Amino acid sequence: MEESESTSDNQRPWQSYHTVYTNAKAGMDGVDKEKVQRVVYEMSKGSKYFENEERKESFIRQKIEHMRARAAKLSAADLSHYQKVVDKRILELEASRELSRIWLHVDMDAFYAAVETLSDPSLKGKPMAVGSMSMISTANYEARKFGVRAAMPGFIARKLCPELIFVPTDFKKYTHYSDLTRKVFQNYDPNFMLASLDEAYLDITEVSKERGITGGEIAEELRSRVHEETGLTCSAGVAPNRLLAKVCSDINKPNGQFVLPNDCIAVMTFISSLPIRKIGGIGKVTENILRGVFGINTCEEMLQKGSFLCALFSPSTADFFLSVGLGLGGTDKPEARFRKSISSERTFSATQDATLLYQKLADIAEMLSADMQKEGLLGRTLTLKLKTASFEITNVEVGTTKCPKEEVLWVPQEDSSVQREPEDRNLDSNKEASTSRNEEFFSSNQMELLYWVDDYKCSLCGAELPSSFVEERQEHSDFHLAERLQKEESGADSRAMMPRQRIYPKDPLASQKLSRICYPRIPSVPVSQLSVSPLQSSSNRIPPKAHLNSLQKGTKTKPYNETTSKDMEEAISTIPSMSDILASSRAQNLDLQLQTVGPFFRITAKSLESNRELGRAEGLIRVWFGGKILHLDSIRLKRDTLSMERSIFGIGLFIGAVAIRYGYDCGCRTAELLAINDSDLYHSKLVRFYQRIGFKTVYEVTGSTIGDMAHMLMWGGIGTRMDASIEELLVKWCRRFKSQD
DNA sequence: GCGGATCAC
DNA sequence: TATGGTGATCCGC
């Protein structure tokens with residue numbers, strides 16, 4: 001066998017070059033596959049792409065060999081053990097079989113190509129492909145007869161079919177037609193799942209029951225309505241679950257449909273001879289492995305080889321294979337799905353021009369940033385993807401606690417390329433930046449959704465507050481805002497309620513210089529380290545109930561800044577002492593420490609349980625003409641704080657309160673900060689947040705005037721300069737720090 | 001948590 | 001001349 005294969009390789013080398021292009025696709029029945037294979041091989045041979053494909057193939061062959069060896073090593077005892085595992089698992093899976101629902105999968109026929117033909121009827125009947133010389137997105141059925149298909153580079157397609165017409169992609173058009181199809185789908189299942197622009201899953205169980213018609217009849221009707229609405233044809237599959245429905249929609253493509261009845265025997269018969277490659281999720285590699293290692297070709301064989309699959313694959317993968325063998329698939333009601341990542345990438349011709357590469361990176365970052373702002377998204381993990389001229393792909397991720405982004409991302413990337421393959425470093429051809437990582441991604445738009453359901457319940461957490469509780473409601477929405485900001489910030493770059501230091505150096509020298517001026521560092525061994533508690537007596541404390549009452553009276557019905565001076569006098573007597581703040585922070589299991597060096601201070605918050613640092617603030621007491629000013633440089637909260645029950649008020653505000661109280665004790669009357677403007681979206685929220693705390697805008701630093709330069713040197717960026725009266729801050733928030741007794 | 005790989009459209 | 005862009009998931013460390 002080996003012999004004859006290698007001989008045929010020598011005579012017909014193209015047979016050993018495995019591409020996805022020969023994989024059976026609708027409309028490719030009469031194609032001379034041998035010829036296609038040969039042309040693809042001839043056009044690819046010797047290219048960097050080809051070499052990379054061979055490298056990948058050889059890797060897969062190794063993997064197969066390795067798995068074969070492992071399979072051969074399994075003892076009879078092992079196999080009988082795994083057989084028991086499989087038998088049990090199959091019973092469990094079988095028990096979960098759900099035959100009561102009818103799923104329909106719709107798939108538009110050659111969608112992009114069909115849309116283009118609609119807008120330019122002269123294309124009708126001619127071989128045509130949507131895409132470019134580099135890559136084809138879709139080919140119409142005339143082109144498919146030549147072996148031209150999606151995912152094939154255009155220059156190869158042209159070789160296969162010289163008269164092939166190329167049409168550039170135009171997503172606006174496709175989206176328009178996709179919208180039209182959705183309006184039709186809506187009538188059959190308001191919760192339909194869109195799989196892409198041209199594919200959808202519909203649960204037609206209800207509609208079938210209500211109208212007393214079969215799934216097949218619904219499919220017919222839906223398809224003809226799609227045609228009426230769009231002038232396009234589509235194919236449909238009807239089956240008891242989504243996995244099978246998808247397979248079915250492909251069977252009578254184009255402009256056809258196939259119904260698999262909700263009947264266990266029918267399903268098992270259908271699946272028994274089905275090639276595994278037809279199943280969504282089983283691609284070229286998995287197919288090769290399953291065939292090469294276990295000789296599996298059909299879904300039925302998954303069950304026969306179940307013990308091997310369980311022995312060699314992870315439980316979740318083995319489960320998937322077994323359910324495929326049983327013809328099981330998703331039947332559940334779709335849950336709302338949120339995007340988990342957003343990305344932007346570009347391929348460009350190889351270059352060794354570092355400046356150009358940096359420029360490309362900057363451009364891509366800009367595009368990504370724009371896309372994110374459009375959707376109001378923030379990210380937590382930033383990934384740089386690099387594709388070299390030899391098609392090798394490298395990813396570098398950074399959690400966003402590190403900064404600055406560009407340096408962290410880019411410099412190590414270059415270095416690692418140097419180590420691995422020096423000659424490739426200068427041939428970088430593709431970069432992508434993306435942000436992602438599962439639940440750590442979220443939309444900041446969601447923050448705006450706080451409203452009072454029935455004018456009574458908080459839409460975000462269900463807390464109940466009647467409308468007469470004006471102050472409480474304000475505070476409650478502050479809480480959610482703060483919570484959101486805290487989450488976003490500890491994800492974005494750990495800057496929390498106060499500005500972090502940030503500067504955009506033009507050159508290294510400038511950077512050094514600026515950092516000396518702006519960011520005095522507190523020595524790692526503090527000259528004076530004091531626990532804050534002994535600093536203050538609680539002499540000016542009054543019983544908690546009393547000051548709570550007086551404050552509520554004063555502020556309940558009017559905003560704070562309208563507080564009368566008499567209220568103020570009353571209130572001042574109620575401002576929390578340092579020990580008030582510390583006592584209530586300890587009640588939250590927080591250990592606050594204040595360190596000072598000359599004018600500089602640092603406040604750290606640790607968890608009393610874990611002793612881990614949860615956040616810190618830095619700043620200095622600045623002497624100015626009118627007196628002293630508390631200058632807040634940054635408050636940072638650690639990611640750990642996110643998982644805690646506490647709100648930002650529990651940590652950020654405690655840290656802030658210690659800073660403010662420290663400033664008060666030092667004789668400062670004013671606190672100043674800069675709400676840094678990284679993005680407009682975030683900035684406006686930050687400013688609003690500070691405003692609610694009690695800060696007022698004094699100046700917009702835009703960087704457009706010489707005067708702004710001084711601010712930027714001072715603060716390290718552009719943004720909104722804000723001040724607050726320290727006394728007012730203490731009064732405003734004193735209820736937070738009332739004693740726990 | 002990170003980086004590589006696979007898959008789908 | 002020339003082999004894409006976007007998003008998701010899983011595995012192994």
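What you see is a predicted model; the values in this text were computed from it and never measured. Just so it is clear, the values below take in all heavy atoms, side chains as well, and ignore hydrogens, waters and symmetry mates. Here is the naming used below: chain letters follow the sequence lines, and residue numbers restart at 1 for every chain.
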Whole angstrom is fine here: how far is it from [atom1] in [X] over to [atom2] in [N]?
X	N	atom1	atom2	value
Leu197(A)	dA8(B)	CG	C1'	13 Å
Asp250(A)	dA8(B)	CG	P	12 Å
Ile276(A)	dA8(B)	CD1	P	11 Å
Leu194(A)	dC9(B)	CG	P	13 Å
Phe338(A)	dT9(C)	CZ	C1'	19 Å
Arg380(A)	dC2(B)	CZ	P	11 Å
Glu53(A)	dG4(C)	CD	P	10 Å
Glu397(A)	dA5(B)	CD	C1'	14 Å

Is there a residue in [range] whose heavy atoms reach under 4.0 Å of DNA chain C, and which residues are they?
range	value
residues 307-323 of chain A	Ser314(A), Ser316(A), Thr317(A)
residues 169-177 of chain A	none
residues 154-167 of chain A	Phe155(A), Ile156(A), Arg158(A)

Can you check whether [X] has a side-chain N or O nearer than 4.0 Å to OP1 or OP2 of [N]?
X	N	result
Lys340(A)	dT6(C)	no
Ser349(A)	dT1(C)	no
Arg346(A)	dG4(C)	no
Thr347(A)	dG5(C)	yes
Ser134(A)	dT3(C)	no

Any idea which of [options] is nearest the [X] side chain?
X	options	value
Asp198(A)	dG4(C), dG3(B), dC9(B)	dC9(B)
Val285(A)	dG4(B), dT3(C), dC7(B)	dC7(B)
Glu345(A)	dT6(C), dG3(B), dG7(C)	dT6(C)
Ile342(A)	dG7(C), dG4(C), dG4(B)	dG7(C)

Pair listing, side chain to side chain donor-acceptor pair (under 3.5 Å) test, anchored in residues 155-169 of chain A, at least two apart | none
Kindly state each residue pair satisfying side chain to side chain donor-acceptor pair (under 3.5 Å) with at least one member in residues 236-249 of chain A, sequence neighbours excluded.
-> His105(A)-Ser249(A), Glu199(A)-Lys246(A), Arg242(A)-Asp332(A)
Among all residues two or more places apart in sequence or in another chain, which pass the side chain to side chain contact (heavy atoms under 4.5 Å, CB included) test with [X]?
X	answer
Pro334(A)	Trp103(A), Met193(A)
Ser235(A)	Asp109(A), Lys253(A)
Lys33(A)	none
Arg291(A)	Glu287(A), Asn288(A), Asn297(A)

At 4.0 Å (heavy atoms only), tell me whether [X] reaches a base, stays on the sugar-phosphate, or touches nothing.
X	answer
Lys284(A)	sugar-phosphate
Glu199(A)	sugar-phosphate
Ile289(A)	nothing
Ser344(A)	sugar-phosphate

Starting at the 5' end of DNA chain B, which residue's closest nucleotide do you reach first, Lys246(A) or Lys63(A)?
->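 Looking at the nearest nucleotide for each, Lys63(A) comes out on the 5' side.
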In short, ring pair (Phe, Tyr, Trp, His ring centres under 6.0 Å) pairs touching residues 132-162 of chain A with sequence neighbours left out are none
Sorted by chain and residue number, the salt bridge (Lys or Arg N to Asp or Glu O under 4.0 Å) partners of Asp179(A) (sequence neighbours excluded) come out as Arg182(A)
Is there a donor on the side chain of Ser341(A) or the base of dT6(C) sitting less than 3.5 Å from an acceptor on the other?
->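 Between dT6(C) and Ser341(A), which were checked side chain against base, a qualifying N/O pair under 3.5 Å is absent.
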Residues in ring pair (Phe, Tyr, Trp, His ring centres under 6.0 Å) with Tyr188(A), at least two apart?
-> none
Quick one: closest heavy-atom pair of Arg277(A) and Val20(A), and the distance?
-> NH2-CG1, 4.3 Å
Test side chain to side chain contact (heavy atoms under 4.5 Å, CB included), reference Leu309(A), set Val86(A), Leu290(A), Val293(A), output is Leu290(A)
Please indicate whether Lys183(A) has more than 12 foreign heavy atoms, meaning atoms of other residues, nucleotides or ligands, lying under 6.0 Å from its NZ.
-> no
Do Tyr17(A) and Phe50(A) have their ring centres less than 6.0 Å from each other?
->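 Centroid separation for Tyr17(A) and Phe50(A): below 6.0 Å.
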